[in-house]
Amino acid sequence: MLLGTLLDLEVRIWLYMAVAASVMGAVTVGVRRYRPAWSAPWWLMVAAVAASLLANAGWALALTPAGVPRFPSFGDLFYALMLVLLVLSNYWWVRPGQRRGGAVEAAIVALGGGAFSWTLVIEPLLFDDRFGGLRLASYLCYAAMDLVILVLIVRIAVVSRVRTPAYRLMVAAGGLLIITNTVNFAGLLSGTDLDRVTALGWLGTYLLIGGAALHPSMALSTGTVTRNPAPASRRRLLLYVTLILAISALTVTSLATDLGGHSPRTIVLELLGCAMSVLLIARMSQLAALLNGRSRLDGLTGLGNRSRLQDALDGGGGRDQALLLVDLDGFRDLNDSFGDQTGDAVLVEAARRLRAALPGRAVVVRISGDEFAVLTDTGDGLDGAAVAQDILDGLHHPYRLPGIPARRIAASIGVVPLAANAPRGQALRDADLALRSARSAGGQQVAVYDAAVHAERLANTQLVADLHRALEAGEFTVHYQPIVALATGDVVEAEALLRWTRPDGTVVPPGRFIPLAEQSGAIVAIGSWVLAQVCADLRDLHREHGLSVTVNVSAQQLRDARFAQRVLDLLGRHDVPGSALIVEITETVLVTSVVDAATVTEQLQILRDHGVRIAIDDFGTGYSSLAYLRQLPVDILKMDGSFTALQIEEGTVRDLAFIRAILELSRNLGLQTIAEAVETAAQADRLRELGCDLAQGYHFARPAPVAALHELMSERRGRTGTALPQLI
């Protein structure tokens, strides 16, 4: 580049053209390789460089014998076009709708730049007899365009606030171009030969543009807003003070040479100084308002916080809107694995992507942790679900952060449509419910608020509260369903089943309240009560009828290291041998308790050492490995009722083969098998033929209170046959 400045003008023009062509290629390659989401300013930059190439070609063809281009020429026309395209490129750096803000800052810098331009270029041009007509108009136009480019660069810095290497290179290119053009005008007006200095500046501008286009960060440098407007930095405030002092110095210098103080130069400088003072006062007022509202900003991301969102909700009742809650899936694991600094960087980047994916008027806030909220207007074919999908697409691009491999982070989004003038008091609650639905669907999902889902959640919440009250009020009872030995028809065991009857006689189905008890943790207290009641009932059932009783135990109970001892204490208190009790666990316990496998195995083994048998309930429906059956102390497999419903009577060869496999597995491991949900004599007969040991179901008896079980066993004394009377 330095060598190029030593060349004569005739050769240097062709060098400009070669460099311009290479820069066009570099920008094109950068756009194709890195695929920026907002490519408009880069293509406009290609067009601007192409115009500069044509300008140099036009000047080369218009050179006089003295080595100076004629004026006007096609070179001047294309140079003007280049400046226009540069203005458009800078204008389109930020997407439409995201260009609000920065007007005062831009105006302050424009006045400061205008003061220098007036002093160094415009005023000398106006009063220089060598220039007039079209040439003067052209030069004044060039100076004005330089000032516009300066203003737009300031707007980019204030509004976009991106700080990528490519962004810095482009800003440097714009600044170098303005300085070079100003130096060129100064040399032209003073008669000083500054061609080689300006050549260095123009070539440097080309190279900076090419370097920016080839840097990977160019894809993230345009079309984005990283955060909400923030108070000015100290550096920017220092710039404002420097500019006002510079204007003052220029004014004083002009007054020193203009004793009357009435020259155009002095008057314009005084007006510019007054205007800048007014703008500085306005900017200070804005800063005071911003500082006043810092309590509504999130310190990390620069987004608003919950208070800002509430203000927007309160003030947006007259428009159709949508409220979205966005939660980053797996963020907690990433933060724990790589540290808070990496986690913070992800949050800042996520905030930037949120702003980039949303309309300019959308309110974006950080609620807490990795949870964000968006309030945006809807209508004209735009709804909350569509906005949510745009957010998902933007957030799911790989996060490239220092110190960690590039990784994708998904998100879950809950959406609440808000009609105009509809109440917004419960909007956040409804959005949170929708977000929970999206999370429960596996993440990377959008869920729109459903009033029916909310009603169900309210009912579940009330039911959980009722569970604790019901236990204290004695609304729970234990019913028993007989288990029959298929070979003899004898009742040898019974299963304890929990029942809930409200004071008004309403029966709450077990399938309704037991899953909620598991989720809420209430199952621990309820399960302890059931065990105590079963042990109390067992004393007479075992002593009078020789019955054993199976009772379901939850995963949460088994994770308690004192569980086995509590069970043994209950058996001892009621003088019941361990062989009279069978503890049932489901296959899901085997899976969800992997982390606590040692505790689970220890508790089961302690019970088994004292004669308590262990049964796996609902076998064949879960995901347990056969290795669990080898490692855990198990005595009984309870085959799920889905295998005895249709597969026994109407099942295919494949279905029956699966049942035979379970029975064969049980025999080979020395385990008993109990078939559940046997409802017909045909099912019982087929199970007997297949070699199943025990069975239970409505064909034999329905669950009933303990008194009915005593009555049933008393009636069976002396009876023969396999049929049992139905217990209703």
Side-chain angles (χ1 to χ4, degrees), residues 480-497 534 538 541-542 545-553 558 567 571 576-587 589-590 600-601 603-622 624-644 647-648 656-679 683-697 699-701 703 709 713 722 724:
Y480 295 89
Q481 184 174 40
I483 298 175
V484 176
L486 289 172
T488 64
D490 294 334
V491 177
V492 293
E493 297 169 5
E495 180 177 8
L497 299 168
V534 167
L538 254 178
L541 287 173
H542 187 70
H545 310 295
L547 287 181
S548 299
V549 172
T550 70
V551 60
N552 283 279
V553 172
L558 274 175
V567 173
L571 291 172
V576 175
S579 59
L581 181 66
I582 302 170
V583 169
E584 292 187 23
I585 59 176
T586 62
E587 276 197 290
V589 170
L590 302 179
V600 171
T601 302
Q603 296 304 299
L604 294 178
Q605 189 60 57
I606 291 173
L607 292 174
R608 200 160 182 259
D609 290 343
H610 288 78
V612 177
R613 285 172 288 168
I614 309 300
I616 296 182
D617 195 15
D618 300 332
F619 185 78
T621 60
S624 68
S625 167
L626 295 180
Y628 289 127
L629 298 181
R630 180 172 57 84
Q631 296 168 2
L632 292 176
V634 177
D635 302 282
I636 300 170
L637 294 184
K638 298 193 71 175
M639 190 165 53
D640 186 74
S642 61
F643 295 113
T644 57
Q647 294 186 34
I648 287 291
L656 292 174
F658 193 78
I659 296 171
R660 287 192 181 96
I662 294 176
L663 295 172
E664 186 66 22
L665 172 67
S666 181
R667 282 192 292 269
N668 289 338
L669 294 177
L671 308 178
Q672 277 190 321
T673 307
I674 301 176
E676 298 180 299
V678 179
E679 298 183 352
Q683 292 172 359
D685 292 341
R686 193 61 182 274
L687 286 166
R688 186 185 305 109
E689 293 170 3
L690 291 171
C692 185
D693 302 309
L694 307 171
Q696 67 184 95
H699 170 63
F700 304 109
L709 182 58
M713 297 306 297
T722 58
L724 296 177

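Since we're looking at a predicted model, the values are computed, not measured. Sequential numbering from 1 along the given sequence is applied to the chain's residues.
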Closest non-hydrogen atom pair between P482 and L709, with its separation: CG-CD1, 4.1 Å
Dump the intermediate steps for side chain to side chain contact (heavy atoms under 4.5 Å, CB included) on V612 and I582, then the final yes or no. CA-CA 6 Å; V612 177; I582 302 170; over 6 Å; no
Rounded to the nearest 0.5 Å, what separates atom CG in D685 from atom CG in L690? 11.0 Å
Can you name the residues that form a side chain to side chain donor-acceptor pair (under 3.5 Å) with R608, not counting sequence neighbours? D635
Could you go through M639 and L687, starting from their C-alpha distance and side-chain angles, then the distance that decides it, and tell me whether this counts as side chain to side chain contact (heavy atoms under 4.5 Å, CB included)? CA-CA 11 Å; M639 190 165 53; L687 286 166; 4.1 Å; yes
Quick check: does any side chain N or O of E664 sit under 3.5 Å from a backbone N or O of R660, one acting as donor and the other as acceptor? no
So does A485 get a backbone contact from the side chain of D490, meaning a donor-acceptor N/O pair under 3.5 Å? no
Side chain proximity check, I674 to L637, heavy atoms < 4.5 angstrom: no
Please report the shortest heavy-atom distance between Y480 and V549, naming the atom on each side. CE2-CG1, 3.8 Å
For H542, the side-chain contact (heavy atoms from CB on, under 4.5 Å) test, sequence neighbours excluded, returns L538, P577, A580
So, for C692 and L486, which heavy atoms are closest and what is the spacing to 0.1 Å? O-CD1, 3.6 Å
Roughly how far apart are L671 CG and D693 CG, rounded to 0.5 Å? 9.5 Å
Heavy-atom distance under 4.5 Å between the side chains of I636 and T673, does that happen here? no
Using side-chain heavy atoms (C-beta onward) and a distance below 4.5 Å, is L547 in contact with V491? yes
Residues which pass side-chain contact (heavy atoms from CB on, under 4.5 Å) with D609, listed by chain and number, not counting sequence neighbours: Q605
To the closest 0.5 Å, what do you measure between CG (L571) and NE2 (H610)? 10.0 Å
Residue pair L604 / I585, side-chain heavy-atom distance below 4.5 Å: yes
I want to check something: taking the side chain as every heavy atom from C-beta on, are L497 and Q481 in contact at a cut-off of under 4.5 Å? yes
Does the side chain of R613 come under 3.5 Å of the side chain of S548 through a donor N or O and an acceptor N or O? yes
Indicate yes or no: at least one non-hydrogen side-chain atom of V551 is less than 4.5 angstrom from one of L581. yes
Is there a side-chain contact between L694 and V484 in this structure, where contact means two heavy atoms from C-beta onward sitting under 4.5 Å apart? no
Do you know the tightest heavy-atom contact between H699 and A684? CD2-CB, 4.1 Å
Can you name the side chain to side chain donor-acceptor pair (under 3.5 Å) partners of N552, sequence neighbours left out? E495
Can you tell me how far CD1 of I483 sits from CD of E493, rounded to the nearest 0.5 angstrom? 5.0 Å
Would you give the length of the straight line joining atom OG1 of T601 to atom CD of Q603, rounded to the nearest 0.5 angstrom? 10.0 Å
Does a side-chain heavy-atom distance below 4.5 Å link Q672 with R667? no
